[in-house]
Structures are given as structure tokens and as C-alpha cells.
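These notes are about the structure you will find just below.
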Amino acid sequence: MKLSNIKYMAVATLLGFTMASCSDFLERPNEDGYNVDNYYKTDDQCYSGVNYLYNSPWYDFQRGFIKVGEVLSGNYYWGSSPYMNFSVNGSDQDLVNMSYSLWAVIGHANTVCNNLKGATASQDVINQCMGEALTWKAFAYFFLVRSFGDVPIVHNNIAEIQSGTYGQALKVKRSDVYEYIIMTLEKAMSLLKKESPADGRIDYYCAEALLAKVYLTKAGVTGSLNASDLEKAASYAKDVIDNSGRTLLENYADVWKLTESLSDESLIAWRWTVGANWTSQNTLQSDLAMEGMDEFGDCWGGWNGLSVDLQEAFGIKLLENQPDAWLNNNDTRLQATMFLPGFTYDYLWKDHGGFDYLKFIYDDSYNEAATKSLQSPTGANCVKHLYGNTQDHKDALNIAPARMSYALPTHILRLADVYLIYAEAKLGASRTTSTSADVIAAFDAVHRRAVPKAPASTSVSWDDIWKERRLEFAMEGDRWYDYVRVSYYDPDFCVNELIAQKRNSFWGLNDLYKAYHTSGSWKIDTSKQGYDASTAAPNVVVLLRKDSEVSNTGYFALPMSAEDVLFNPNLGSNVEGVHVDVRSTYSY
């Protein structure tokens, strides 16, 4: 970890926490004059002490969350970004920030747990809060190991700082890191209540859902799918489905509405706030929304867009279809994920009568900031992670947003994922097609929610689930990590699919869109509109890393932050991790 990161963790160790938050869910008492010795005395203080783990330490991961999860995976077009062509290296600032953020979560979670050990509040609340902190620590490690492969285990940052060994940490084998994550989640589950003490907080079933996802990922880490890991993934997922009492929202688009911020479907989310404490807020709208979406002049995402390949996964071919192909598309996830010509939204820009994509671009009587020119090179802008404008935010949450500061939560684990984890795990190591009623029911719960007109499935294949995951979780920072886990045991499949993607841009779309807005005409002229077929496919294999103990062609891993490696050469990409007997080395 880099020097600034160690300083950050050290400050957290000494002060306990340094960031406050301002919402009903995360409100905490005034901290003036507090210290660890006079805090953590009451139940409310314990809850307040863990609240900031739901937002602030994660702040610097937001951009990496999209660039790694969606740009690298081929779901999102982001101009000249190195994540587009697999040229990202350890000095990339978004990767550096991502690494910084994930290690910060771990350092702060460790600190919160240490502080809670000395708390004098009720034991049930101490246990609940410690379980929440451990779940966040496990999730940070889950992102780290899937992003960078072998990584160090920092079990107790206080002890390592005091011993002076912090800068000499060795990387640990991926399989052992996964075992550490599992051990951490098992401890969290032993502490957490099965009924959350408040909406939006992590409970037993939230941690169990994450454990199911971890087991599904770990199943392939030795180069072939492990049947026992798949069985555990299915078992934990099934318990969440059957016993958590949580249900999917009836309408897919509702997941992304401010008014549904605390829905049962959201198992684990970054719970952002709006207040004086920078880093506690959501800023994704700034990166993803078109210029003029809000009143602060802080949106610059119009020049990017949902990839041509993702559009085609939804069955949309802009330069071959007529608009009714998407206006009448049966998959409700399409409109909830991307803006396309003719799409309107009643939950955005409500004070304008709703949001109209083409009017927003071309009609300055509707949108004073209208650019009057399509910016997106792919013809489709992002919908998810947008709150709209100030009035939308105030109507839903009774609080105004600010420049690059809004309280729309970022869902990082949803109940829909648990259903698809169960279905995939039940297919077993052979990945055969299943006619099991349980598998079909789990798959259809997700698929038929999104496509209400779809007939009941008679069988479910691995390919069905693979595609379903892409459409269900597009722009949720998860797709690259699906490629990572499959690359553990089938890297050729991943490489071939990524190379075959349509990751490039269209040209000439503005005239087509403008004509459709002004006259309703959609007349494609191949001499004026087309797809960039000249830009070569990315060199996907550059991110494959060889594991000397696994007999495949490699697994996907990003380079470690150059700042981390400079501070600790043991973290270099050419250095393999060491084996650690996790269960005998660490304990909670």
C-alpha cells in the first residue's frame, strides 16, 4: 500500500473515524470533543461509529467502478480511455484511486472493529455493528482480489503499523484471499441480526448473499470448477431466497428511482449523503449524465455512451432497425439502462413533465442547456445512477443536492444477483442445461420480471444465465468481474468473446437523430451513417496473468497501483503470492 494510504489508515486508527454524514439513515451525533475513550458508550454511538463505512472510504472507487466494471468489459464506450483498449497501467489515476479506496475501506473497517471491542453499549448492537464492518471489509477484499489477483492480507492495521512491517507485506494467493473473505463473512454472519435494525443496513442475509457470490467466484480459482464450492454457493443463495423475506420489486425501473432507495431488493449499497463532508456523496451522475441534466454545470458524460455491443445484446441495431424496435422492445431493462431516441421517463425531470431524450438534446425551450447536437458516439446515453435535477432530489429525499453531491444510493449487490447465482451454481461444474423446477424458477424470477411477456422457461442453460447477467446488471460495475471469475477456468472463452465485441463508435448519428426529432423521419443513409469497423479489437490477452500452479493460459488481473509497487516491491505484477493457512493464521 502506498505511503499516503498508510497515513490514512494510521489516522483512522488513532481517531476512530474522521468523517460524518447527514441523512436520516446515517445521522450521527455532533462529534466535537469526542475521542475513542468517551465514544462507543451507547447503542446510537455504535451505529454512528460504523455509518461512514457505507460511503466515505468508497468515494474514490466510484470512477474505477464504472471504468473497470463496464468500460473494460465492453458495456460502455468512454472515448480514449485506456480501459477501452486494455492499455491501462499501474499509473492510471483511476486505478490508483480505486486501490487507495479499497485499502482505505479495509483499514477503517479494522479500526471500527477494534473500537467496538471496547464499547460499553448493549452486546446485540455491538455485534450488529461489528458484523456490518466485517461485511464491508469482506466486500473490499472481494473487489481487490477480483481486480488485482494475489493481494496482501491486512488483518489488523494497528498491529502491522506498530510492528513496522506494513510496507513489506507479501501478496497472498488468490485462493487463500478467498478463504479469508469467507472466514470474515462467516464471522459477520455469526454477529448480524437476521432482521435489519433499520432499512438500508446490512443484516445476516445481506452478508450471506455476498458469501454465495464469493463461493461462485472462488469455485473456478484453481483452474476448473469446484463442485463443493458451487454447492455452497447454491445453498447460501437458496437460504436468502427462501428465508430473508426480501422480494424483487415488481418493476425493474423502480430499482433506480430515488423513491425506492431503501427497497428490499437492495442487499448492499453505498448509502451516499449530501452534506459538508466531502467524500460522503455520490458523484456518478457527473461522469455519466449529459450536460444540463442538473443545474450545477457538473455533468460531462454525454460524450460517452452504452456500447454498440450492449445495444445488440438487447436486440437493438440502430442502423438496421426502425425506432419501434426499441420503443416496443419487450425487455424493460433496455429503457431503464440507456437513453435511445423516443424514450421518455416520468421519474426524471418531473417538474418539466418528465424527461424526453431528444427534446433534452435539441429543444432549448424544454432544456435551456440543450446542446442541439448529439454527443454520444454510440447513440445511447446512460440512465442508471442518475437522480435527475434538484426538484427530483428534493421531492424524493426532502433534501437538495449540491454540485457533484447527491444521495442516490449505488446498489452493489441486489437480490436479483442471488437468484442468478443460485441458478448458475445449480448447473454444476459441467455447466449442463437444467430442467430443474428450482433453477427455472430462480432464472424466471429475474427474466420474467424484466420481460413480462416472456413465456415460462422449460430449461435454463449456462449461456442463458451469462446473457441474463449482462442485461440485468449492465452499468452496475459487475460485468468485468464476471469475466474475471470465468477466466479462472475458461480464459479462452472470455478472450474470444471480448475480441468479438463491437466496442467502437458510430458516425453520422446526429443528422439521423435530429431528423427524427423534428419530423419523425428515420431514414438511414449508409453513406452518411455507419459503424467504425476500422479500429482494431483490443489486445485482450495483455491482462491475462499466469499462475504457475494453474494449468490454463492465465486469468484476468489488472496491474497493481504503481504507487503501491514503488512503496512495496513485493506487490509487483511479476511477483506471485505466497500460500497462507488462513484458518490457523488469523482469527476474529
Side-chain angles (χ1 to χ4, degrees), residues 50 53-54 105 109 113 124-125 127-143 145-146 177-219 221 226-249 262-271 409 411-426 438-439 441-443 445-446 465 469 472-473 476 478 481 485 582-583 588:
V50 76
L53 294 179
Y54 284 78
V105 174
C113 287
D124 281 351
V125 170
N127 289 348
Q128 170 67 28
C129 291
M130 189 171 292
E132 292 177 32
L134 289 173
T135 303
W136 282 122
K137 176 181 177 178
F139 217 145
Y141 260 117
F142 192 38
F143 276 120
V145 70
R146 292 180 299 164
V177 176
Y178 280 114
E179 189 61 34
Y180 183 75
I181 295 169
I182 290 167
M183 184 183 79
T184 302
L185 286 171
E186 288 172 348
K187 180 61 176 179
M189 289 164 60
S190 75
L191 297 168
L192 289 165
K193 300 174 183 178
K194 290 195 172 182
E195 293 185 2
S196 176
D199 288 338
R201 302 198 80 94
I202 290 169
D203 63 21
Y204 173 93
Y205 292 108
C206 300
E208 186 176 37
L210 179 56
L211 184 58
K213 192 174 178 75
V214 170
Y215 265 115
L216 182 68
T217 305
K218 175 181 177 287
V221 77
N226 180 282
S228 176
D229 285 342
L230 293 176
E231 289 171 4
K232 289 176 181 176
S235 176
Y236 287 120
K238 185 66 169 171
D239 190 50
V240 175
I241 292 167
D242 289 348
N243 298 314
S244 70
R246 294 173 179 264
T247 57
L248 297 174
L249 289 172
L262 297 173
S263 75
D264 274 356
E265 182 160 347
S266 179
L267 293 168
I268 302 179
W270 295 326
R271 300 285 173 186
H411 309 297
I412 55 175
L413 183 61
R414 294 196 285 113
L415 185 61
D417 203 348
V418 181
Y419 280 97
L420 294 181
I421 288 167
Y422 175 77
E424 183 173 350
K426 288 294 288 184
D438 280 353
V439 172
F443 178 83
V446 176
I465 297 169
R469 290 192 62 83
E472 178 71 19
F473 305 117
E476 297 181 47
D478 195 59
Y481 298 113
R485 69 177 174 85
V582 169
R583 298 286 179 168
Y588 285 108

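The residues of the chain are indexed from 1 along the displayed sequence.
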(message) Using a 3.5 Å distance criterion without hydrogens, assess whether the side chain of Tyr54 forms a donor-acceptor pair with backbone atoms of Ile202.
(response) yes
(request) With rounding to the nearest 0.5 Å, note down the distance linking SG in Cys113 to CE in Met130. (result) 5.0 Å
(message) Any heavy-atom pair between the side chains of Asp203 and Lys193 that's under 4.5 Å?
(response) no
(message) Checking Lys238 against Tyr419: is there a side-chain donor and acceptor pair closer than 3.5 Å?
(response) no
(message) Any carboxylate oxygen within less than 4.0 angstrom of a Lys/Arg side-chain nitrogen, looking at Glu476 and Arg469?
(response) no
(request) Would you give the length of the straight line joining atom CD of Glu265 to atom CZ of Arg246, rounded to the nearest 0.5 angstrom? (result) 10.5 Å
(message) When you measure from the centre of the six-membered ring of Tyr204, is the NZ or CZ of Lys194 closer than 6.0 Å and no more than 45° off the axis?
(response) yes
(message) Given 3.5 Å as the limit, does a donor-acceptor pair link the side chain of Ser266 with the main chain of Arg414, or not?
(response) no
(message) Under 4.0 Å between a side-chain nitrogen and a carboxylate oxygen: does that hold for Arg583 and Glu186?
(response) yes
(message) Taking the cut-offs as 6.0 angstrom to the six-membered ring centre and 45 degrees off its axis, would you call Lys187 and Tyr588 a cation-pi pair?
(response) no
(request) Verify, without hydrogens or angle tests, whether Thr135 (side chain) and Gly131 (backbone) share a donor-acceptor contact under 3.5 angstrom. (result) yes
(request) Can you see which heavy atom on Thr184 is nearest to which on Ala138, and at what distance? (result) CG2-CB, 4.1 Å
(request) May I ask you to check if Arg146 and Tyr481 form a cation-pi contact, with NZ or CZ under 6.0 angstrom from the six-membered ring centre and within 45° of the axis? (result) yes
